[in-house]
Peer 1: 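Please read through the structure below; I'll follow up with questions.
All values below were derived from every heavy atom in this structure, side-chain atoms included, with hydrogens, water molecules and symmetry-related copies excluded.
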Amino acid sequence: LRDRALLMREGIRHRDFMFRLPTRGLLFGERALQQTLNDMGQEIEKLIARNEVEAWQRLTRVLTHEIMNATAPIQVVSQAYLQSPQIKGSPYEEGIRAIYDTSRGLAAFVESYCKLTCFQEPQLGDVSLLPFCQSVAALYPHLAWHVEVSPDATLRADAAMLRQVLINLVKNAAEAGAATIDLRWDGRLYVSNDGHAIPDDVAREIFVPFFTTKAAGSGIGLSMSRQMLVRQGLSLMLRERPLSGYNVTFVIESET
């Protein structure tokens, strides 16, 4: 028990709350205690994820508000100068146009990221997972699909939002070189792929808004996916140890 406590303490110290130590061979009381600690670790991870989502949403709202307030007058004034006969054709026109174009570009950039906090209210219903997964698989016929979901499996969710989340995960997997997608259900929905493994230092940051390792990536796909699921009472986690045969596994499950 002492050794187990030390292992779990190290996990917490390194922000690894997905630890699950085996209970086989323990006495009844020890087994119950270990199972409780295993479950507690997962609950802590979900709570931290929800708090991070709420913190990023608040920060994004503040930043977009302040940036829009700062750029709006610059855009209006520079546009007015560009329309002035005294500026047209003068040495100042090129510089003022650069200011105007930059302010417009920044405003468009900020507006595009407003979607991180401007989701519609989810319309919850019982989603039948087998036909749902099959319909997403049909969008990517160039990938090999393994779907192990029972016909009676359902998940309480907004079907449109859940579809967007699954599409984001599959799209990321394909961009990481995946040839096979595996979907399976055991009370949780596991989404696995055989693309490039995610390094530990990257895994700690993948749900941070605007973080990306792609040259042309926006860094909002996974963050937006987690936020959409949190609004539905669901969670999205990267599994520390992928399912056997795969390099990456995400888990979608109910928080209740």
Peer 1: Compare every heavy atom of Leu130 with every heavy atom of Ser150, then report the nearest pair and how far apart it is.
Peer 2: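 Looks like O-CB, 4.1 Å.
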Peer 1: Going hydrophobic residue to hydrophobic residue with side-chain gaps under 4.5 angstrom, can you get from Leu139 over to Leu183?
Peer 2: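 Leu139 clusters together with Leu183.
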Peer 1: Mind listing the closest non-hydrogen atom pair of Cys133 and Val149 along with its distance?
Peer 2: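 Heavy-atom minimum between the residues: SG-CG2, 4.4 Å.
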Peer 1: Indicate, with yes or no, if Leu222 and Val202 share a hydrophobic cluster defined by side-chain heavy-atom contacts under 4.5 Å among Ile, Leu, Val, Met, Phe, Trp and Tyr.
Peer 2: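 Per the 4.5 Å side-chain linkage, Val202 and Leu222 are co-clustered.
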Peer 1: Closer than 4.0 angstrom, basic N to acidic O: yes or no for Asp182 and Arg184?
Peer 2: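 Salt bridge flag = yes for Arg184 with Asp182.
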Peer 1: Is there a side-chain contact between Trp145 and Val170 in this structure, where contact means two heavy atoms from C-beta onward sitting under 4.5 Å apart?
Peer 2: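 A side-chain contact exists here, since the closest heavy-atom pair is under 4.5 Å.
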Peer 1: Between Asp126 and Thr154, does any side-chain donor sit less than 3.5 Å from a side-chain acceptor?
Peer 2: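 Per modelled atom types, Asp126 and Thr154 side chains form no pair under 3.5 Å.
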Peer 1: Under 4.5 Å between any side-chain heavy atoms of Gln232 and Leu229, yes or no?
Peer 2: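 A side-chain contact under 4.5 Å exists here.
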Peer 1: Side chain of Asp158, backbone of Gln123: donor and acceptor closer than 3.5 Å?
Peer 2: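 Checked: pair present.
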Peer 1: For Leu27 and Arg31, run side-chain contact (heavy atoms from CB on, under 4.5 Å): C-alpha distance rounded to whole Å, both residues' side-chain angles, the deciding distance at 0.1 Å, then the answer.
Peer 2: CA-CA 6 Å; Leu27 299 176; Arg31 186 167 62 250; over 6 Å; no
Peer 1: Can you see which heavy atom on Leu82 is nearest to which on Lys88, and at what distance?
Peer 2: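 Minimum heavy-atom separation between Leu82 and Lys88: O-CE, 3.3 Å.
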Peer 1: Can you confirm whether Met237 sits close enough to Arg226 that some side-chain heavy atom of one is under 4.5 Å from a side-chain heavy atom of the other?
Peer 2: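 Met237 reaches Arg226 side chain to side chain.
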Peer 1: First locate atom CZ of Phe132, then atom CG of Leu189, and finally report the distance between them rounded to the nearest 0.5 Å.
Peer 2: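 Rounded to the nearest 0.5 Å, the CZ-CG separation comes to 8.5 Å.
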Peer 1: side-chain contact (heavy atoms from CB on, under 4.5 Å) with Ile181: which of Asn193, Asp194, Val136, Leu166?
Peer 2: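 Running side-chain contact (heavy atoms from CB on, under 4.5 Å) over Asn193, Asp194, Val136, Leu166 with Ile181 returns exactly one hit, Asn193.
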Peer 1: I'd like to know if the side chain of Thr249 reaches the main chain of Leu243, judged simply by a donor and an acceptor atom lying under 3.5 Å from each other, with no hydrogens or angles considered.
Peer 2: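 Yes; at least one donor-acceptor contact below 3.5 Å.
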Peer 1: Can you tell if the side chain of Leu236 reaches within under 4.5 Å of the side chain of Ser225, non-hydrogen atoms only?
Peer 2: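 When only atoms from C-beta onward are counted, Ser225 and Leu236 do touch, with a gap below 4.5 Å.
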Peer 1: Is there a donor-acceptor contact under 3.5 Å linking the side chains of Gln86 and Ser90?
Peer 2: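 Gln86 vs Ser90: no donor-acceptor pair found between side chains.
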Peer 1: Is it the case that more than 12 heavy atoms not belonging to Gln83 sit under 6.0 Å from its CD atom?
Peer 2: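 Yes, enclosed.
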Peer 1: How long is the span from the OG1 atom in Thr180 to the NE2 atom in His146, to the nearest 0.5 Å?
Peer 2: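 Thr180 atom OG1 to His146 atom NE2 measures 5.5 Å (nearest 0.5 Å).
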Peer 1: For residues Tyr92 and Tyr100: do they belong to one hydrophobic cluster (side chain heavy atoms under 4.5 Å, members Ile, Leu, Val, Met, Phe, Trp, Tyr)?
Peer 2: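 Per the 4.5 Å side-chain linkage, Tyr92 and Tyr100 are co-clustered.
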Peer 1: For the CD atom of Glu93 and the OG atom of Ser84, what is their distance to the nearest 0.5 Å?
Peer 2: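 These two atoms lie 10.5 Å from each other.
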Peer 1: To the nearest 0.5 Å, what is the distance between CD1 on Ile87 and OG on Ser78?
Peer 2: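 Answer for the CD1-OG pair, Ile87 versus Ser78, is 11.0 Å.
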Peer 1: Apply the test side-chain contact (heavy atoms from CB on, under 4.5 Å) to residues Phe250 and Ile206: give CA-CA distance (whole Å), side-chain angles for both, the deciding distance (0.1 Å), then the verdict.
Peer 2: CA-CA 12 Å; Phe250 287 92; Ile206 59 172; 4.0 Å; yes
Peer 1: What's the spacing between Trp185 CH2 and Tyr190 OH if we round to 0.5 Å?
Peer 2: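 The CH2 atom of Trp185 sits 9.5 Å away from the OH atom of Tyr190.
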Peer 1: So, for Ala157 and Leu234, which heavy atoms are closest and what is the spacing to 0.1 Å?
Peer 2: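 Shortest heavy-atom separation between Ala157 and Leu234 comes out as CB-CD1, 3.8 Å.
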Peer 1: To the nearest 0.5 Å, what is the distance between OG1 (Thr102) and CD1 (Ile74)?
Peer 2: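 Here the rounded value is 10.0 Å.
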Peer 1: Going through the checks in order, is the side-chain contact (heavy atoms from CB on, under 4.5 Å) test met by Asn172 and Val248?
Peer 2: CA-CA 11 Å; Asn172 286 348; Val248 177; over 6 Å; no
Peer 1: Tell me the closest heavy-atom pair linking Leu238 and Ala203, and the distance in Å.
Peer 2: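 Shortest heavy-atom separation between Leu238 and Ala203 comes out as CD2-CB, 3.6 Å.
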Peer 1: Are Ile96 and Val77 linked, directly or through intermediate hydrophobic residues, by side-chain heavy-atom contacts shorter than 4.5 Å (ILVMFWY only)?
Peer 2: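 Yes; tracing contacts between hydrophobic side chains, which count when under 4.5 Å, links both residues.
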Peer 1: Could you tell me whether Arg163 atom CZ has more than 12 heavy atoms of other residues or ligands within 6.0 Å of it?
Peer 2: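 Yes, enclosed.
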